[in-house]
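To keep things clear, I will list the structure first and then write my remarks on it.
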Number of protein chains: 2
Amino acid sequence: MTLAEFKSMVSLSKNEICREIFLENAQTIKVKKEERVIHNLGRIFDATLAISNKKGFHAMSLRDLSENAGLSMGALYSYFASKDELLSMIQEQGRRITRRVLEQQIRPDLAPMQKLKAGIIAHLYLSEIMQPWFYFSFMEAKNLEKKQQKDAIASELMTEQVYAAILREGQRAGDFAPTDPDMTAAIIKAMLQEWYVKRWKYRSRQIDVEQYAGFVLNWVEAFVRPANRPVETK
Amino acid sequence: MTLAEFKSMVSLSKNEICREIFLENAQTIKVKKEERVIHNLGRIFDATLAISNKKGFHAMSLRDLSENAGLSMGALYSYFASKDELLSMIQEQGRRITRRVLEQQIRPDLAPMQKLKAGIIAHLYLSEIMQPWFYFSFMEAKNLEKKQQKDAIASELMTEQVYAAILREGQRAGDFAPTDPDMTAAIIKAMLQEWYVKRWKYRSRQIDVEQYAGFVLNWVEAFVRPANRPVETK
DNA sequence: GTCTATATACGGATAGAC
DNA sequence: GTCTATCCGTATATAGAC
């Protein structure tokens with residue numbers, strides 16, 4: 001699947017995402033006119049991600065944000081009750097989208113190897129489309145409040161277990177070599193993370209997401225497929 | 001090589017490290033009595049890493065640091081001129097150690113596969129011993145000032161190129177399969193990073209660094225060694 | 001060398017006009 | 001709904017006693 005095909009399948013326009021956030025947080029957002037909320041939320045999130053990914057969420061003052069989003073400080077507080085709440089809103093929204101897209105793309109009727117590949121491609125393409133969010137989410141996880149931090153860790157492990165489960169399924173079916181599924185899943189996750197955390201590196205090397213996906217799939221297949229290769233030492 | 005063997009080879013006691021920092025920054029550190037400086041620097045760095053790795057360097061106030069290090073705020077400023085300088089000192093020191101250890105461990109007379117393995121093990125063991133520093137360095141890189149940020153990026157790419165160079169050497173010698181060396185090195189680096197960034201995950205799964213190293217080496221060998229496996233698509 | 005006390009600025013958050 | 005003006009806590013950094 002190409003990136004373009006993926007984009008047309010998932011339909012994740014900024015407006016749709018902001019509309020969803022609006023509906024989710026109807027009680028905290030004081031402004032009621034949908035069109036206006038969507039427009040301003042878009043500006044707020046874009047600015048937050050841009051500034052935070054440069055110097056960190058904590059180092060971003062609300063005056064910074066106000067300037068970049070084109071809203072006064074007073075107006076900002078019509079869209080969230082505190083700076084921490086803004087952080088939570090962004091985190092939660094991204095997690096929801098990730099969960100939904102993975103479920104959508106890893107269809108139960110696929111063979112294990114097809115599932116594995118679909119899951120890897122889906123994650124890479126999604127993180128390409130929403131790169132600033134993925135980077136933000138990764139870097140700011142430890143700045144969340146206790147409860148939110150639990151959610152972030154749970155989400156991290158959940159994603160990893162999606163891949164581990166596919167690996168186990170493939171091993172039972174005899175399609176995959178008997179590697180340690182948790183460890184293999186962890187390494188796959190690390191490769192996915194590499195893409196959105198070190199995005200600058202691949203941009204300067206002129207490697208796009210489709211090339212990167214090709215490389216990862218090749219690597220995974222070489223390791224997962226049973227073949228004449230040294231057996232796992234554990 | 002075991003972790004214990006590595007430890008005895010590299011001799012990286014806290015005192016030695018602090019002594020080195022003292023000598024490097026003799027002009028900014030106002031206190032002159034070596035023994036005292038070493039003792040207090042140790043406390044300052046430990047506290048900085050502990051607090052920052054929990055909630056971020058920027059979120060750590062100097063009052064926090066003062067309490068945890070057991071020095072008054074006034075005293076802290078005898079050891080660094082500003083909070084930013086403290087950040088730089090920590091970053092620079094760790095980079096120097098990493099560089100030195102890799103050079104020491106990747107001996108020129110080794111065969112390519114032995115070099116590759118030595119480099120991977122050295123990095124994993126070092127990041128195990130200095131885990132708080134590696135985590136800190138990774139997470140706080142973007143909070144550095146412009147000049148220091150350049151250094152951090154250069155260091156990141158340098159380490160990666162060490163592995164890429166070994167891969168190229170092995171390919172020329174016919175020991176390695178003709179994979180893309182830059183891309184393979186990037187993935188190796190990602191696996192090394194996984195270890196110190198997600199340390200909590202492996203602690204809870206009761207996997208130690210020697211087991212992790214075994215897994216990574218196995219995986220790398222399966223991919224790098226020329227064998228009956230699908231040829232790289234690019 | 002280290003401490004306490006303080007200067008000074010900047011942060012998040014809110015009140016009230018429009 | 002949005003703005004300006006302001007409250008008030010907390011941040012870094014320093015002065016000066018001991």
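For the segment residues 54-78 of chain A, residues with any heavy atom less than 4.0 angstrom from an atom of DNA chain D are, sorted by number, A/Arg63, A/Leu71, A/Ser72, A/Gly74, A/Ala75, A/Ser78. Within residues 33-52 of chain B, no residue is approached by DNA chain D to less than 4.0 Å at the level of any non-hydrogen atom.
For B/Gln211 and B/Tyr202, the side-chain atoms include no donor-acceptor pair closer than 3.5 Å. Under 3.5 Å, the side chains of A/Ser13 and A/Glu16 contain a donor-acceptor pair of N or O atoms. Judged by distance alone, the side chains of B/Glu140 and B/Asn143 do bring a donor and an acceptor atom under 3.5 Å apart.
Between B/Lys189 and A/Glu194, none of the side-chain N atoms (NZ, or NE/NH1/NH2) sits under 4.0 Å from a carboxylate O, so this pair counts as no salt bridge.
Counting non-hydrogen atoms under 4.0 angstrom, A/Tyr79 reaches the backbone sugars and phosphates but no base.
Counting 5' to 3', DNA chain C first comes under 4.0 angstrom of a heavy atom of chain B and last does so at the ends given by C/dG1 to C/dT4.
Among residue pairs with one or both ends in residues 59-79 of chain A, those qualifying as salt bridge (charged side-chain N to carboxylate O under 4.0 Å, His left out) are A/Lys55-A/Asp64; sequence neighbours excluded.
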Throw together a table of side-chain donor-acceptor distances under 3.5 angstrom for residues 98-106 of chain B, partners on residues two or more places apart or in other chains.
| unit_1 | atom_1 | unit_2 | atom_2 | d |
| --- | --- | --- | --- | --- |
| B/Thr98 | OG1 | B/Gly94 | O | 2.9 |
| B/Arg100 | NH2 | B/Glu20 | OE1 | 3.0 |
| B/Arg100 | NH2 | B/Glu20 | OE2 | 2.7 |

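A/Leu86 CG to A/Lys83 NZ: the interatomic distance, rounded to the nearest 0.5 Å, is 9.0 Å.
Of the possible polar contacts, none joining the A/Gln91 side chain to the A/Ala152 backbone as a donor-acceptor pair under 3.5 Å is found. Side chain of B/Glu210 to backbone of B/Leu3: a donor-acceptor contact under 3.5 angstrom is found.
For B/Tyr196, the ring-ring contact (aromatic ring centres under 6.0 Å, His included) test picks out B/Phe134, with sequence neighbours left out.
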